[in-house]
Asker: 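Let me begin by handing over the structure; questions about it come next.
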Amino acid sequence: MGGSPLFTFLSYLSFLKKAKGPHSLHSPFVFTLYKEVIKPSSHFRLKKIEGLRRSLRNNHQLIDAIDFKTNTSKRKTLSSIAGSSLSSAKFSAFLHLLINHLHSNIILETGTSLGINTLYLATAGGTKTVTIEGSIILAELAKKQFERMGASDILIESGDVNKIFQSVVVRHEPDFVFLDADHRGATILNQVEILLQNEMKPRCIVIHDIYWSKDMNETWKRLVKDERFNLTIDIFQAGLIFSGKNMEKQHFTLRF
């Protein structure tokens with residue numbers, strides 16, 4: 001299912017009306033998260049990785065890549081993939097700072113793409129980073145970028161995320177999960193259920209592009225209402241789910 005730019009734009013206008021800053025936050029946990037993660041994301045950057053991002057945006061090598069967000073295969077240049085699929089530097093920084101803030105150890109990402117977010121994840125304070133990529137070509141390219149950055153210890157699991165996700169979760173037991181591969185609501189719900197069924201439940205699940213389409217947004221709203229999650233946070237670019245927090249059920253829409 002493809003994204004809907006009009007839906008995303010109209011949703012953003014609605015989001016701006018609801019989004020709050022730090023002064024209206026009465027939850028100490030969320031206030032600290034805003035101060036130590038969200039606010040610094042605007043200026044925190046890892047220079048070597050940002051240099052790689054710029055290099056990829058200027059690389060016109062052609063490859064055949066499957067886009068699992070839209071379930072299509074096209075011949076594209078690396079520069080076009082970098083332009084359309086890479087997160088902003090601000091969001092990459094947010095992931096890095098969030099992992100450090102939560103003292104997460106085992107990180108799992110779905111949707112490696114060219115590996116920029118993966119590098120930000122891996123250079124945070126965790127002990128292991130695992131990433132799943134459906135395209136063998138992209139997985140090999142990402143691996144080369146990791147080696148170039150001196151991060152060859154990142155483990156890439158190559159294959160259809162829907163087929164291998166459960167086995168990867170069982171083997172690695174992540175405590176921080178970033179979902180950014182298949183942008184279909186049914187897939188997200190299934191992945192969340194798999195994570196909750198595992199003995200080692202993640203402390204935080206980050207779902208990217210919750211306003212990608214109406215389907216993704218309806219899925220996010222369903223997760224917000226789920227009583228198993230004590231805390232959910234909407235920063236527009238992503239939704240954050242926390243379980244096991246010692247607090248009453250709360251939801252926040254925060255400026256990012």
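Note that the structure is predicted; figures quoted are calculated from it, not measured.
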Asker: Are Met200 and Leu195 linked, directly or through other ILVMFWY residues, by side chains that come within less than 4.5 angstrom of each other?
Answerer: no
Asker: Under the criterion side chain to side chain donor-acceptor pair (under 3.5 Å), I'd like the reasoning laid out for His60 against Thr77: C-alpha separation, chi angles, the key distance, then a yes or no.
Answerer: CA-CA 5 Å; His60 301 294; Thr77 62; 4.8 Å; no
Asker: Take a 6.0 Å sphere around CG of Leu16 and say whether it holds more than 12 heavy atoms from other residues, nucleotides or ligands.
Answerer: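 It does: Leu16 CG has more than 12 such atoms within range.
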Asker: So, Lys214 side chain and Phe7 main chain: donor-acceptor pair closer than 3.5 Å or not?
Answerer: no
Asker: To the closest 0.5 Å, what do you measure between NE2 (His183) and CD1 (Ile210)?
Answerer: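 Nearest 0.5 Å value for the NE2-CD1 distance: 10.5 Å.
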Asker: Any side-chain heavy atom of Met216 within less than 4.5 Å of one from Ile188?
Answerer: yes
Asker: Using atom types as modelled and distance alone, determine if a side-chain donor or acceptor of His23 lies under 3.5 Å from a backbone N or O of Gly21.
Answerer: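 Answer holds: no.
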Asker: Could you go through Asn59 and Ser79, starting from their C-alpha distance and side-chain angles, then the distance that decides it, and tell me whether this counts as side chain to side chain donor-acceptor pair (under 3.5 Å)?
Answerer: CA-CA 5 Å; Asn59 189 325; Ser79 60; over 6 Å; no
Asker: Do you know which two heavy atoms are closest between Cys204 and Leu98, and how far apart they sit?
Answerer: SG-CD2, 4.2 Å
Asker: Output the distance between atom CG (Asn198) and atom NE2 (His172), rounded to the nearest 0.5 Å.
Answerer: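 It comes to 11.5 Å.
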Asker: Could you tell me whether the side chain of Lys128 and the main chain of Leu155 form a donor-acceptor pair under 3.5 Å?
Answerer: no
Asker: Using modelled atom types and a 3.5 Å cut-off, is there a donor and acceptor pairing between side-chain atoms of Thr32 and backbone atoms of Pro28?
Answerer: yes
Asker: Just by distance, do the side chain of Ser85 and the backbone of Ile81 share a donor-acceptor pair under 3.5 Å?
Answerer: yes
Asker: In terms of heavy-atom contacts, does CZ of Arg222 have more than 12 from other residues, nucleotides or ligands at under 6.0 Å?
Answerer: no
Asker: Report yes if some heavy atom in the side chain of Gln237 is under 4.5 Å from a heavy atom in the side chain of Phe256; otherwise report no.
Answerer: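 Of all side-chain heavy-atom pairs linking Phe256 with Gln237, at least one is under 4.5 Å.
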Asker: Looking at Arg228 and Glu193, is there a salt bridge between them, counting it only when a charged N and a carboxylate O are closer than 4.0 Å?
Answerer: yes
Asker: May I ask whether Leu179 and Val170 are part of the same hydrophobic cluster, defined by side-chain heavy atoms of I, L, V, M, F, W, Y residues being less than 4.5 angstrom apart, directly or through others?
Answerer: no
Asker: State whether a side-chain donor-acceptor pair under 3.5 Å links Thr110 with Asp180.
Answerer: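 No, because no side-chain N or O of Thr110 sits under 3.5 Å from a partner of the opposite role on Asp180.
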Asker: Let me see the working for Val30 and Gln250 under side chain to side chain contact (heavy atoms under 4.5 Å, CB included), right down to the final yes or no.
Answerer: CA-CA 10 Å; Val30 179; Gln250 296 179 87; over 6 Å; no
Asker: Do the ring planes of Phe91 and Phe178 sit parallel (below 30°), tilted (30 to 60°) or perpendicular (above 60°)?
Answerer: tilted
Asker: The test is ring pair (Phe, Tyr, Trp, His ring centres under 6.0 Å); show your working for Phe242 and Phe29 and say whether it passes.
Answerer: CA-CA 11 Å; Phe242 296 88; Phe29 175 83; 5.4 Å; yes
Asker: Between the side chain of Asp175 and the main-chain N/O of Asn105, is any donor-acceptor distance below 3.5 Å?
Answerer: yes
Asker: Report yes if some heavy atom in the side chain of Arg148 is under 4.5 Å from a heavy atom in the side chain of Leu52; otherwise report no.
Answerer: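 Sidechains of Leu52 and Arg148: in contact.
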Asker: Any side-chain heavy atom of Ile156 within less than 4.5 Å of one from Ile132?
Answerer: no
Asker: What distance do Leu95 atom CG and Leu119 atom CG have between them, rounded to the nearest 0.5 Å?
Answerer: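 Going from CG on Leu95 over to CG on Leu119, the span is 12.5 Å.
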Asker: Could you tell me whether the side chain of Ser213 and the main chain of Ser4 form a donor-acceptor pair under 3.5 Å?
Answerer: no
Asker: I need the minimum non-hydrogen distance between Ser152 and Glu147, along with the two atoms involved.
Answerer: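 Shortest heavy-atom contact: CB-CG, 4.0 Å.
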Asker: Can you hop from Phe15 to Leu223 via hydrophobic side chains spaced under 4.5 Å?
Answerer: yes
Asker: Starting from Leu13, walk the hydrophobic network (Ile, Leu, Val, Met, Phe, Trp, Tyr; side-chain heavy atoms closer than 4.5 Å) and list everyone else you reach, by chain and number.
Answerer: Leu6, Phe9, Leu10
Asker: Before accepting this row, confirm whether a basic side-chain N of the pair Lys143/Glu133 lies closer than 4.0 Å to the acidic partner's carboxylate O.
Answerer: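 No salt bridge links Lys143 with Glu133.
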Asker: Which heavy-atom pair separates Ile99 from Gly125 by the least distance, and what is that distance?
Answerer: CG2-N, 4.3 Å
Asker: Should Ile49 and Leu86 be regarded as members of a common hydrophobic cluster, given that ILVMFWY residues are connected when their side-chain heavy atoms come within less than 4.5 Å of each other, either directly or indirectly?
Answerer: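 Cluster IDs for Ile49 and Leu86 match.
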Asker: Can you tell me how far CZ of Phe229 sits from NE2 of His251, rounded to the nearest 0.5 angstrom?
Answerer: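 These two atoms lie 13.5 Å from each other.
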Asker: Give me the atom names and distance for the closest heavy-atom approach of Pro174 to Leu108.
Answerer: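 That closest heavy-atom pairing would be CB-CB, 3.7 Å.
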Asker: Taking all heavy atoms of Ser87 and all of Asn117, pick out the closest pair and write down the distance.
Answerer: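 Between these two residues, the closest heavy atoms are OG-ND2, 2.8 Å.
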Asker: Quick one: does any side-chain atom of Asn58 pair with a main-chain N or O of Arg54 as donor and acceptor, under 3.5 Å?
Answerer: yes
Asker: Is the backbone of Val224 close enough, under 3.5 Å, to the side chain of Lys249 for a donor and an acceptor to pair up by distance?
Answerer: yes
Asker: Examine Phe236 together with Tyr211 and report whether their ring centres are nearer than 6.0 Å.
Answerer: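 Judged by ring-centre distance (under 6.0 Å), Phe236 and Tyr211 do meet the cut-off.
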Asker: Side chains of Leu33 and Phe252: closer than 4.5 Å at any heavy-atom pair?
Answerer: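 In short, these two side chains do not touch, never coming nearer than 4.5 Å.
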Asker: When you compare the side chain of Ile106 with that of Phe176, does any pair of heavy atoms fall below 4.5 Å?
Answerer: no
Asker: Which heavy atom of Val177 sits nearest to which heavy atom of Pro202, and what is that distance?
Answerer: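 What the structure gives for the nearest pair is CG2-CB, 4.0 Å.
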Asker: Please evaluate residues Thr112 and Thr118 with respect to the criterion side chain to side chain donor-acceptor pair (under 3.5 Å), reporting the C-alpha separation (whole Å), side-chain torsions for both, the decisive distance (0.1 Å), and the verdict.
Answerer: CA-CA 6 Å; Thr112 315; Thr118 319; 4.9 Å; no
Asker: Side chain to side chain contact (heavy atoms under 4.5 Å, CB included) between Lys90 and Arg45: does it pass, once the steps are laid out?
Answerer: CA-CA 8 Å; Lys90 181 180 180 181; Arg45 299 292 182 270; 3.9 Å; yes
Asker: Any side-chain to backbone donor/acceptor pair from His96 onto Tyr120? Under 3.5 Å, distance only.
Answerer: yes
Asker: Using 0.5 Å steps for rounding, measure from the NE2 atom of His101 to the CD1 atom of Ile38.
Answerer: 9.5 Å
Asker: Is the shortest distance from a Lys or Arg side-chain nitrogen in Glu50 or Arg53 to a carboxylate oxygen in the other one below 4.0 Å?
Answerer: yes
Asker: Stepwise, does the side chain to side chain contact (heavy atoms under 4.5 Å, CB included) test hold for Thr8 with Trp212?
Answerer: CA-CA 6 Å; Thr8 303; Trp212 166 265; 5.5 Å; no
Asker: With a 4.5 Å limit on heavy-atom distance, are the side chains of Val37 and Pro40 in contact?
Answerer: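 Heavy-atom side-chain distance check fails, nothing below 4.5 Å.
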Asker: Linking I/L/V/M/F/W/Y whenever any side-chain heavy atoms sit under 4.5 Å apart, do Leu78 and Ile136 land together?
Answerer: no
Asker: Once rounded to the nearest 0.5 Å, what's the spacing between atom OG of Ser135 and atom CG of Asp64?
Answerer: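 CG of Asp64 is found 9.0 Å from OG of Ser135.
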Asker: Walk me through whether Lys201 and Glu173 qualify under salt bridge (charged side-chain N to carboxylate O under 4.0 Å, His left out).
Answerer: CA-CA 7 Å; Lys201 297 178 179 64; Glu173 296 189 326; over 6 Å; no
Asker: Checking side chain to side chain contact (heavy atoms under 4.5 Å, CB included) against Ile241, which of Ile233, Thr232, Asn230, Val206 comes through?
Answerer: Thr232
Asker: Please lay out, stage by stage, how Ile235 and Tyr34 fare under the test side chain to side chain contact (heavy atoms under 4.5 Å, CB included).
Answerer: CA-CA 11 Å; Ile235 61 167; Tyr34 195 100; over 6 Å; no
Asker: Find out whether Glu157 and Arg171 are in side-chain contact, i.e. whether some heavy atom of one side chain is under 4.5 Å from a heavy atom of the other.
Answerer: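 Yes, side chains in contact.
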